[in-house]
Amino acid sequence: MNQDTNVRTMQHHRLTIAIAPEHRIPRSTGPLPYAPIPCLAACLALLGSVPGCGGGASSGGGLEPKAVADMLHAVMEADRTNYTKQVVNRLIKEQKVQVVNPETSAPEPFGASEHWKSEHGKLPLPAQMFRMGAEAVTEKDVGFTYALLSKWPINQQNKPKTAVETEGLDAVNTNKGKEPFYGEEKLGDTTYFTAVYADVAVAPACVDCHNGHKDSPRSDFALGDVMGGVVIRIPLKS
Amino acid sequence: MATKRWMGWILGFGVIAMAGYFAKTLGSDDRRVFLPGATSHGHYQIELQCSACHSTWSGVTVEACTECHGQELDEADDSHPAAKFRDPRNADRLERLDARQCVTCHIEHRPSMTREMGVTLPNDYCFHCHSNIAEERPSHEPYGFDTCQSGGCHNFHDNRALTEDFLSAHTSDPDLQPTPERAVVVRAIDAKQTLTTLDHDAPGAFATPRAIDDWASSAHARAGVNCSGCHRSNGDAAQPWVEAPDHTTCNRCHEDETRGFLGGHHGMRLASGLSPMTPEMARRPMQPNSHARKLDCQACHGAHAYETTFAAEEACLGCHADEHSLAHRDSAHASLWTRERAGEVPRGRGVSCAACHLPTVVDLQGKPLYTQHNQNDNLRPNEKMVRSVCTTCHGVEFALRALADHEASKQGFAFAATSTLDTFALIRNQQQALADTTVQ
């Protein structure tokens with residue numbers, strides 16, 4: 001590609017991210033603004049109020065971004081595991097539910113598919129369900145974001161972009177997911193606390209899909225491998 | 001000194017006069033003086049209703065756009081939703097192109113720089129985020145960034161008929177499907193409820209023989225809907241007689257159809273609180289004798305008879321006089337429609353104007369639900385028509401080739417497109433490469 005002929009400068013469209021003050025979390029002290037994270041408000045309020053349960057409590061009585069990120073990840077991980085086991089696995093593998101094909105009227109196995117939107121009787125894959133949650137949270141603009149990224153993504157838009165993302169994915173890959181990675185980075189005019197948690201291949205379906213996908217840059221994943229990472233970002237007060 | 005004073009008086013008077021003129025004009029129906037430039041094809045109908053897009057003190061907000069286009073974007077499974085760009089990891093991209101704001105790409109009143117789809121950016125905008133596409137997909141190396149969405153391969157928002165997976169699944173489609181029949185809405189009518197000319201309840205002065213005969217032949221009469229059903233509020237005999245019911249009356253029973261009508265170019269003026277659209281206001285060529293017609297439900301369906309067959313083609317061609325419309329009558333599509341009306345082919349085999357532009361909306365099981373009355377819903381980009389309309393009768397590749405051939409489209413698809421699409425060549429190359437890898 002001849003980039004010179006394609007580069008455009010668009011000064012008149014230049015804008016920067018404006019994070020509302022109520023969405024910013026203090027760097028080290030001060031109470032956590034619960035309201036912007038409604039889905040976790042009860043969880044955080046409970047942890048914040050029970051002595052001994054708020055392991056990340058700062059000296060000011062609030063919660064450190066690290067503790068918040070860990071809590072958010074715990075909920076994400078729990079929901080994802082439950083969806084995988086109690087919905088996808090239970091209906092498809094255990095109950096072997098069948099659906100009626102609308103064109104042939106013949107029964108066919110219920111399933112989960114990457115193309116669930118266009119296929120009849122298919123559930124979204126757990127990773128897609130996770131991604132939809134991330135998109136819905138971003139849509140709400142509640143102050144934190146999360147994403148499922150990988151050094152070997154099927155969609156190239158999901159490979160690491162920032163130095164912290166790269167460093168974090170390398171770290172959790174090296175330590176086999178034993179420890180999350182925490183860092184800070186400035187994106188636009190906002191500084192973020194960024195946490196990276198390992199995303200491990202927990203089911204054969206994860207490995208089979210990624211190894212066999214035409215757009216996957218890697219085809220040698222094994223069960224238990226770190227396939228990528230969950231990246232959680234919390235804006236810090238500058 | 002005296003001259004200066006006079007100058008001051010004249011200037012002051014001029015300012016007051018101008019302020020008065022603008023204030024008076026702002027409160028009137030004709031606000032053309034405030035238009036900063038010609039409005040785009042999609043909005044000129046409502047350009048004098050400034051508040052349809054502009055909010056006081058905050059300009060044109062995303063909310064103003066999504067109020068009319070939000071559902072369309074949701075249904076399109078938008079490939080570039082604003083939320084995607086709110087992710088901080090896209091902060092660097094936002095500095096180049098703020099895709100969270102509709103007006104970054106769609107600036108109104110700029111006719112000299114407005115292109116297809118009301119886009120006002122240079123054609124090569126994909127470069128801003130996908131500059132390394134040739135590294136990710138070497139097959140794309142020969143293509144310039146100005147061809148991404150002009151070559152029939154990609155759209156910014158709606159790619160439902162252009163995704164790799166969808167195209168891959170349809171590379172072997174025949175040009176013509178074995179059973180090319182579109183879904184048709186058939187409403188169940190209880191014969192016991194059917195009314196005749198003797199049953200009408202219109203007051204004497206309004207019960208003209210023509211009106212009563214037309215009504216008696218309508219689906220309304222067959223379904224037991226008497227004159228007061230439309231001419232009195234909620235069909236209540238105690239309510240006053242309304243001589244010319246408007247779309248709000250139709251909406252009482254035909255909500256989906258009315259919503260569609262108000263969402264398209266035909267009804268968007270009514271939806272914005274303006275007078276009905278007329279062919280005279282249109283920018284596209286219209287039949288000279290149609291100019292004064294008011295675009296309401298009756299314009300196509302006719303008062304009282306509410307004939308759907310007439311509305312499917314003759315009503316359209318009674319106004320539209322562009323090349324595509326004029327060429328339709330000589331097309332294979334129209335020929336099939338004539339044969340369907342004559343009972344020579346099964347119902348659903350003919351292709352009227354409405355078959356493509358006002359298609360039947362079906363549920364996931366293919367059951368017909370209602371007729372889409374927003375004729376713009378699947379019009380732009382025209383690939384939107386592939387899934388909802390074209391593939392009922394044709395293969396995906398045949399349909400996409402036809403839609404990409406502007407001359408074939410202009411001629412009402414009177415001939416099959418002869419051009420090929422690179423996108424299918426790329427898909428087939430990819431399929432072959434995968435097959436070769438599997439064999440190895």
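Just so we're on the same page: letters track the sequence lines, and every chain starts at 1.
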Would you mind checking which part of A134(A) comes under 4.5 Å of any heavy atom in chain B, side chain (CB onward), backbone (N, CA, C, O), both or neither? neither
Heaviest contributor of heavy-atom pairs below 4.5 Å to chain B, chosen from Q157(A), H120(A), K161(A), Q156(A), is K161(A)
Relative to chain B, which segment of E185(A) carries a heavy atom at a distance below 4.5 Å: side chain, backbone, both, or neither? neither
Does the side chain of R233(A) reach to within under 4.5 Å of the side chain of D87(B), using non-hydrogen atoms? yes
All ring pair (Phe, Tyr, Trp, His ring centres under 6.0 Å) counterparts of F166(B), not counting sequence neighbours: H170(B)
How close do R86(B) and E139(A) get, heavy atom to heavy atom, and via which atoms? NH1-O, 3.2 Å
pair P88(B)-T190(A): side-chain heavy atoms closer than 4.5 Å: no
What part of R160(B) gets closer than 4.5 Å to chain A, counting heavy atoms only: side chain, backbone, both or neither? neither
List the atom of A91(B), the atom of G188(A), and the distance in Å for their closest heavy-atom pair. CB-N, 3.6 Å
Check the surroundings of atom CZ in R110(B): do more than 12 heavy atoms from other residues, nucleotides or ligands lie under 6.0 Å from it? no
How far does OG1 of T163(B) sit from NE2 of H115(A), to the nearest 0.5 angstrom? 8.0 Å
Quick one: list whatever passes side-chain hydrogen bond (donor to acceptor under 3.5 Å, both in side chains) with D422(B), sequence neighbours left out. Y143(B)
Does atom CD of Q98(A) have more than 12 heavy-atom neighbours from other groups under 6.0 Å away? yes
Does this structure show an ion pair linking R137(B) with D215(A), if we count only N-O contacts that are shorter than 4.0 Å? yes
What part of E135(A) lies closer than 4.5 angstrom to a heavy atom of chain B: side chain, backbone, both or neither? backbone
Please classify the contact of K186(A) with chain B as side chain, backbone, both or neither, using a heavy-atom distance under 4.5 Å. neither
Please state whether the side chain, the backbone, both or neither of T138(A) comes within less than 4.5 Å of a heavy atom of chain B. both
So, do Q431(B) and K214(A) sit near enough that their side-chain heavy atoms are less than 4.5 Å apart? no
